[in-house]
Undergrad: 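Could you have a look at this structure, given as C-alpha cells, before my questions?
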There are 2 protein chains.
Amino acid sequence: MQNSFTEENYLKIIHALSGREGLEVTTNALAESTSTRAASVTDMLRKLADKGLIHYKKYQGVRLTESGEKVAISVIRKHRLWEVFLVEKLGFGWDEVHEIAEELEHIASKELVERLDSFLGHPRFDPHGDPIPDAKGNLTEPDYLILTDVGVGEKVLMMGVLDHAPSFLQHLDRSGITLGCVLEITEINDYDKSASVRINGSNSLFISLEVSKNLLVQRR
Amino acid sequence: MQNSFTEENYLKIIHALSGREGLEVTTNALAESTSTRAASVTDMLRKLADKGLIHYKKYQGVRLTESGEKVAISVIRKHRLWEVFLVEKLGFGWDEVHEIAEELEHIASKELVERLDSFLGHPRFDPHGDPIPDAKGNLTEPDYLILTDVGVGEKVLMMGVLDHAPSFLQHLDRSGITLGCVLEITEINDYDKSASVRINGSNSLFISLEVSKNLLVQRR
DNA sequence: AAAAAAATTTAGACTACCCTAAAAATAGAT
DNA sequence: ATCTATTTTTAGGGTAGTCTAAATTTTTTT
Ligand SMILES: [Mn+2]
Ligand SMILES: [Mn+2]
Ligand SMILES: [Mn+2]
Ligand SMILES: [Mn+2]
C-alpha cells in the first residue's frame, strides 16, 4: 500500500533526527519538528510501526527499519532533485525552493524521478550542498567541517549550510558567500568568536559566530 | 483558505462536464467522474457551495461560480503546463503523462507555475492539443471539427484528441497519427463508417468510427 | 394524474490525522 | 530509595472525505 504525505514527512524527519548513527528519536523531538502535539505523534508512530516502517517500543523512542529508511531516502532524493530543478532550470534562489520541494517530494512516479535526474545531469548535490541519494538508495554524507573548527590563516571551500532558513540564506547572499567560494579566516575575535573572512581572495567581511556555526566547509 | 486536492479535482471535473456553455452538472455524473458514490458527491457539493465555489440548489445540479471557475482554470493551466514539461523536457510519451500531471497540478506555488511557463516558452497547447489557459485565466477553446464531420477527399490537420486514454493514444502512435499531421479521407465505408485515411500524403490506413469520433481536426 | 423508476439527499458509520486533558512511565534530584 | 519533574501514552473527541442503506424528490411512463 501507498504511504501518505504525512507518513512520508514523518519518515523523512525521523531520518534527519536520528542522524548518521541512527540514534533513537524521541516523541517530543518529532512533535517539535512536525509542529504537532506529542499525542498525535504517538498515534502516527503506532501506525508506522504497524506498517513495518519503524522500530517502536513504547517510551523507548523510534528508529527507521530498512524499509522505512528506503522510503525516507527516496523522499530525500526527490526533494533534493526538485530543488536542483527549481534553481538550475527555473532560476529560483536557493532561499526560495525548500517549501516548494516540500510538496514536490511527494509526487509518486518512480519514472519521473529517474527522468528528472537524467534531465538535470545526475547532480550529486542540491543547491544547499546536501548530497543527493542515488537511484539505488545510497546516501553518503560527506564529512565537512563547520567553519568554527577552522583556524586563522586557513583557506577552505564553502560546501554547504546547516541552517536552511531563507533568512540565513539571504544573509549569505548579501555577504557574497556562495557554494564553492574560498573562505580564508583572517582574524577571530576572542571576545565573541566573530571572524574576519576573505572571500575568493578579495573582499573581506565580518561574520558572527552564529553564521560560522552554520557553514559547512572543506580544507583546500 | 486553501483548497484541498479533492476540492480542486471536483472543480476541475465540474468545469469539464459543464462544457463550453456552462451547463448544470448532475450529482451522478460527478460520482461517475470522481469514482465515488453519489452520497459522497452531495457532501462535497455542500462544502464547495459553502465556500462559494459553486452554485448549488438541492436536486438541481451545480455550476461553477466566478471564483470556482478561477480555481478550476488555474488547476487546468498547471495540469497542461506540467504535461508539456513531461513530454518536451523529460521525453515522456503523450500516453504516459496524464496521471503524473494529475498530481503535479495541485502544487500550490503561483511563482512556480509562471516560471515553468517561461521555461517552456509559453506553450499554447498541451501534448494532447488542449489549449493552455494564460496567466490571467483566459481559456479559449478552439473550435475544431471531429473527423467524422469530414467528407471524402478533404484534407485536414490533426489538432487534438477527445479520448485521453493511454490505450487510445498508443493506438494512434502505432497508426502513425500525431498532432499536426495531415489526414486525407480517401474513402468512407457506408456499412460501418470506417474510413481510409492518408497520413501526410503517403501511407494509407483504415480507421474505425470509434477512432474517428475521438480525433479533433481542422480544415486546410 | 397517478404510479413506477431514477436521481438525489440524509442518516449513520468508518479511517486518517489532529487536538486537549488525564493517566502512566521514565528520568532526575534528594 | 523515594519523591518530583518530565516525557510519553491513553482517553475521548473533532474535521475531511469516504461508504452503505434508507428516505426523499424529480422524472418518466402509463
Ligand atoms: Mn513534505
Ligand atoms: Mn536542500
Ligand atoms: Mn488531480
Ligand atoms: Mn492533456
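Letters A, B, ... mirror the listed sequences (proteins, then strands); counts begin at 1.
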Undergrad: Look at the side-chain N and O atoms of Lys58(A) and state whether any lies under 4.0 Å from the OP1 or OP2 oxygen of dT10(D).
TA: yes

Undergrad: What is the distance from CD of Gln60(A) to P of dA24(C), rounded to the nearest Å?
TA: 18 Å

Undergrad: May I have the distance from Leu48(B) (atom CG) to dT18(D) (atom P), rounded to whole angstrom?
TA: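 Taking atom P of dT18(D) as the reference, CG of Leu48(B) is at 11 Å.
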
Undergrad: Can you see if the side chain of Thr42(A) gets near the phosphate of dT10(D) - specifically, an N or O under 4.0 Å from OP1 or OP2?
TA: no

Undergrad: Is any side-chain N or O of Asn28(B) closer than 4.0 Å to OP1 or OP2 of dT8(C)?
TA: yes

Undergrad: Is any side-chain N or O of Ser40(A) closer than 4.0 Å to OP1 or OP2 of dC19(C)?
TA: yes

Undergrad: Once you round it to whole Å, what is the distance between P of dA13(C) and CG of Asp43(B)?
TA: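 Taking atom P of dA13(C) as the reference, CG of Asp43(B) is at 15 Å.
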
Undergrad: Using a cut-off of less than 4.0 Å, is there contact between a side-chain N or O of Tyr56(A) and OP1 or OP2 of dT9(D)?
TA: yes

Undergrad: CG of Leu53(B) versus P of dA16(D): gap in Å, rounded?
TA: 14 Å

Undergrad: Name the closest nucleotide to the Thr36(A) side chain, picking from dC19(D), dC18(C), dA11(D).
TA: dC18(C)

Undergrad: Regarding Asp192(B) and Ser194(B), is there a side-chain donor-to-acceptor distance under 3.5 Å anywhere?
TA: yes

Undergrad: May I have the distance from Met44(A) (atom CE) to dA16(C) (atom C1'), rounded to whole angstrom?
TA: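 In whole Å, dA16(C) C1' and Met44(A) CE are 8 Å from each other.
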
Undergrad: Nearest to the Ala39(A) side chain among dT26(D), dA24(C), dA11(D), which nucleotide is it?
TA: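 Nearest to the side chain of Ala39(A) among the choices is dA11(D).
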
Undergrad: Less than 4.0 angstrom between a side-chain N/O of Arg37(A) and OP1 or OP2 of dT20(C), yes or no?
TA: yes

Undergrad: Both Glu7(A) and Val41(B) contact DNA chain C. Which one's nearest nucleotide lies toward the 5' end?
TA: Val41(B)

Undergrad: Are His128(A) and His98(A) close enough that their ring centers fall under 6.0 Å?
TA: no

Undergrad: By nearest atom, which of the nucleotides dC19(D), dA25(C), dT26(D) is closest to the Tyr59(A) side chain?
TA: dA25(C)

Undergrad: Round to a whole Å and report the spacing from CD of Glu32(A) to P of dC18(C).
TA: 15 Å

Undergrad: Flag the pair Glu8(B) and Lys12(B) as a salt bridge only when some basic side-chain nitrogen lies within less than 4.0 angstrom of an acidic carboxylate oxygen.
TA: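 No, this pair does not count.
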
Undergrad: Please assess Leu116(A) against Val84(A) for the test side-chain contact (heavy atoms from CB on, under 4.5 Å), listing each intermediate value before the final yes or no.
TA: CA-CA 10 Å; Leu116(A) 180 64; Val84(A) 173; over 6 Å; no

Undergrad: Any ion pair linking Lys51(B) and Glu7(B) (charged N to carboxylate O, less than 4.0 Å)?
TA: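 Between Lys51(B) and Glu7(B) there is a salt bridge, with a charged N closer than 4.0 Å to a carboxylate O.
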
Undergrad: In whole Å, I'd like the distance from the CZ atom of Arg46(B) to the P atom of dA11(C).
TA: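 Taking atom P of dA11(C) as the reference, CZ of Arg46(B) is at 11 Å.
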
Undergrad: Report the distance from atom NZ of Lys51(A) to atom C1' of dT15(C), rounded to the nearest whole Å.
TA: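 One finds 12 Å between C1' of dT15(C) and NZ of Lys51(A), rounded.
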
Undergrad: Heavy atoms from C-beta onward define the side chain here; which of dC19(D), dT8(D), dC18(C) lies closest to that of Thr26(A)?
TA: dT8(D)

Undergrad: Any side-chain N or O of Tyr10(B) less than 4.0 Å from the OP1 or OP2 oxygen of dT18(D)?
TA: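 For Tyr10(B), the contact criterion (side-chain N or O under 4.0 Å from OP1 or OP2 of dT18(D)) is met.
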
